[in-house]
*Asks:* 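To start, I am sharing the structure in question, which I have written as structure tokens.
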Amino acid sequence: MPTIKVATPADYDLPRDVCSYGYFVLAPNYWDTKARVLWRVFDLGQRAVLAKVSQKSRRGGSLSVWTSESLDKTEVAALRAQLTRMLCLDETAEHLAQFHALDPRFAASGKGRLLRSPTLFEDVIKTVTSCNVTWPGTIQMNKRLCEVLGKRAVVAKAAPQAHAFPTPAKLARARPATLRARCRVGYRDTRLIELARLFVLPPSRGGIDESWLADPATPDEVVFKSLIELPGVGPYAAANIMQLLGRYSRLPLDTESVRHGRSVLGMKGTSAQIMKRVKQHFEPFGAHAFRSYWFELWDMYEAKHGPSHTWERDSTGKLFTAAALNAT
DNA sequence: GGTAGACCTGGACGC
DNA sequence: GCGTCCAGGTCTACC
């Protein structure tokens with residue numbers, strides 16, 4: 001069975017660090033709660049391959065990545081690069097300690113890394129599919145996008161996941177009617193296609209410049225202004241994409257922020273007033289504001305529903321509807 | 001600059 | 001089983 005080893009930072013903990021953000025239940029990711037392993041189909045260019053990521057010893061042990069087919073050197077390099085972005089393996093324990101020094105509440109658990117996607121493109125599409133829709137709707141849209149437009153891996157019928165996430169080129173060529181009817185994305189159809197086209201175009205012709213967005217020398221404010229120009233991306237989505245780029249200074253404020261402000265932080269006022277107050281509340285955490293905000297929310301979810309690594313994909317969606325969250 | 005209403009889907013609820 | 005209501009962030013038109 002082909003298996004590759006991937007080194008991790010000294011404090012890396014697979015269940016904690018994968019199940020740190022809702023994307024771990026979005027296709028093509030599949031978290032096996034019993035075995036505590038991550039399944040995912042990776043698009044490696046010429047073909048899609050199913051991978052199972054496991055960690056024998058917690059806290060710093062290397063990852064074992066089993067793949068459904070033998071990979072050549074180029075594919076192994078592509079897989080390593082995708083896993084590094086997805087699991088934030090390039091964020092050192094020392095860098096994470098800066099966050100824990102600012103917010104010691106999460107030092108003992110070591111929480112701080114946030115799961116993201118292997119590509120910025122997938123993060124942007126996932127963010128847009130999470131806007132103006134309840135969480136079960138987001139789960140469905142991503143599942144269908146993979147099934148309809150993602151490359152299929154050669155896997156057994158019972159495999160937990162068979163399709164990769166669509167490539168920008170594939171989504172750019174899709175018809176709006178297909179996205180609407182088969183992927184159930186609703187009015188997001190043309191916006192998703194326009195976004196995909198921007199990832200296909202080179203930056204010199206108006207396409208998205210990923211390296212510029214990721215460059216620490218590019219100021220957060222400039223990145224925010226650039227992201228908010230994208231179709232389907234408003235203030236919430238732009239701030240969320242920023243945290244997925246590792247820029248944690250802004251909060252993606254939404255109805256969940258308002259609920260948290262009211263029910264946990266005891267704030268009063270209109271939704272707009274509470275959003276302002278939540279923002280002010282987390283300003284002391286500066287460059288790590290989002291992490292403080294997010295893990296405070298995440299702790300609340302875990303207090304209600306148990307550790308996140310026990311949340312099943314098919315039932316998790318219902319835990320995060322407004323009705324379920326309001327019922328305490 | 002601020003605000004109202006449309007945009008879609010799927011779940012909840014009442015009958 | 002059907003109809004109605006509601007949640008959700010972005011976009012456009014309008015003031």
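From a predicted model like this one, the values you see are computed outputs, not experimental measurements. Within every chain, numbering begins at 1; the chains are lettered A, B, ... in the order of the sequence lines, protein sequences first and strands thereafter. Side chains are part of it too, since the values below use all heavy atoms of this structure and drop only hydrogens, waters and symmetry mates.
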*Asks:* Do A/V53 and A/R40 come close enough that some side-chain heavy atom pair is under 4.5 Å?
*Replies:* no
*Asks:* Strictly by modelled atom types, are A/Y236 and A/S257 linked by a side-chain donor-acceptor pair under 3.5 Å?
*Replies:* no
*Asks:* If only side-chain N and O atoms of A/R188 are considered, is one of them under 4.0 Å from the OP1 or OP2 phosphate oxygen of C/dG8?
*Replies:*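 The answer is no; no side-chain N or O of A/R188 sits under 4.0 Å from OP1 or OP2.
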*Asks:* In whole angstrom, what separates A/I139's CD1 from C/dG8's P?
*Replies:*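 It works out to 15 Å between those atoms.
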*Asks:* Does anything in residues 175-184 of chain A reach DNA chain B, meaning a heavy atom under 4.0 Å, and if so which residues?
*Replies:*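 By residue number: A/R180, A/R184.
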*Asks:* What's the spacing between A/K111 NZ and A/L96 CG if we round to 0.5 Å?
*Replies:* 13.0 Å
*Asks:* I need the CD-P distance between A/Q273 and B/dG2, as an integer number of Å.
*Replies:* 14 Å
*Asks:* How about A/N142 and A/Y23: does a side-chain donor come under 3.5 Å of a side-chain acceptor?
*Replies:* no
*Asks:* Do A/T218 and A/D215 have a side chain donor and acceptor closer than 3.5 Å?
*Replies:*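 Looking only at side-chain atoms, A/D215 and A/T218 do not form any donor-acceptor pair under 3.5 Å.
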*Asks:* Is the closest basic N to carboxylate O distance between A/E256 and A/R259 below 4.0 Å?
*Replies:* yes
*Asks:* Over how many whole Å does the gap from A/Y187 atom OH to B/dG5 atom C1' extend?
*Replies:*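 My rounded result for the distance is 13 Å.
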*Asks:* I need the CG-C1' distance between A/N142 and B/dT9, as an integer number of Å.
*Replies:*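 Rounding to the nearest Å, CG of A/N142 and C1' of B/dT9 are 14 Å apart.
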*Asks:* At 10 degrees resolution, what angle do the end axes of the helix from B/dG1-C/dC15 to B/dC15-C/dG1 form when each is taken over five base pairs?
*Replies:*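 Terminal axis comparison yields 30°.
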*Asks:* How long is the line joining CZ of A/R259 and P of C/dC6, in whole Å?
*Replies:* 17 Å
*Asks:* In whole angstrom, give the distance that lies between atom CG of A/L253 and atom C1' of C/dT10.
*Replies:*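 Rounding to the nearest Å, CG of A/L253 and C1' of C/dT10 are 15 Å apart.
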*Asks:* Decide yes or no for A/S64 and A/K5: does some side-chain heavy atom of the first lie under 4.5 Å from some side-chain heavy atom of the second?
*Replies:* yes
*Asks:* Indicate whether OP1 or OP2 belonging to C/dG9 is found under 4.0 Å from a side-chain N or O atom of A/S130.
*Replies:* no
*Asks:* In whole Å, I'd like the distance from the CG atom of A/N132 to the C1' atom of B/dG5.
*Replies:* 12 Å
*Asks:* Please say which of A/F106, A/Y293, A/Y21, A/W311 ends up in a ring pair (Phe, Tyr, Trp, His ring centres under 6.0 Å) with A/W298.
*Replies:*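 The single option meeting the ring pair (Phe, Tyr, Trp, His ring centres under 6.0 Å) with A/W298 is A/W311.
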*Asks:* State whether A/E91 and A/R85 are salt-bridged, where the test is any N-O pair (Lys NZ or Arg NE/NH1/NH2 against Asp/Glu carboxylate O) under 4.0 Å.
*Replies:* no
*Asks:* Any side-chain N or O of A/T134 less than 4.0 Å from the OP1 or OP2 oxygen of C/dG8?
*Replies:* no
*Asks:* Give the intermediate values and the outcome of side-chain contact (heavy atoms from CB on, under 4.5 Å) for residues A/L179 and A/L171.
*Replies:* CA-CA 9 Å; A/L179 290 185; A/L171 186 53; 3.9 Å; yes
*Asks:* Can you name the atoms? Protein N/O to nucleotides 11-15 of chain C N/O, anything below 3.5 Å, with the distance.
*Replies:*
from	atom 1	to	atom 2	distance (Å)
C/dC11	OP1	A/G232	N	2.4
C/dC11	OP1	A/V233	N	3.3
C/dC11	OP2	A/V233	O	3.3

*Asks:* Can you establish whether the number of heavy atoms outside A/R175 located under 6.0 Å from its atom CZ is more than 12?
*Replies:*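 Open.
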*Asks:* Atom CG of A/L192 and atom P of B/dC8: how far apart are they, to the nearest Å?
*Replies:* 13 Å
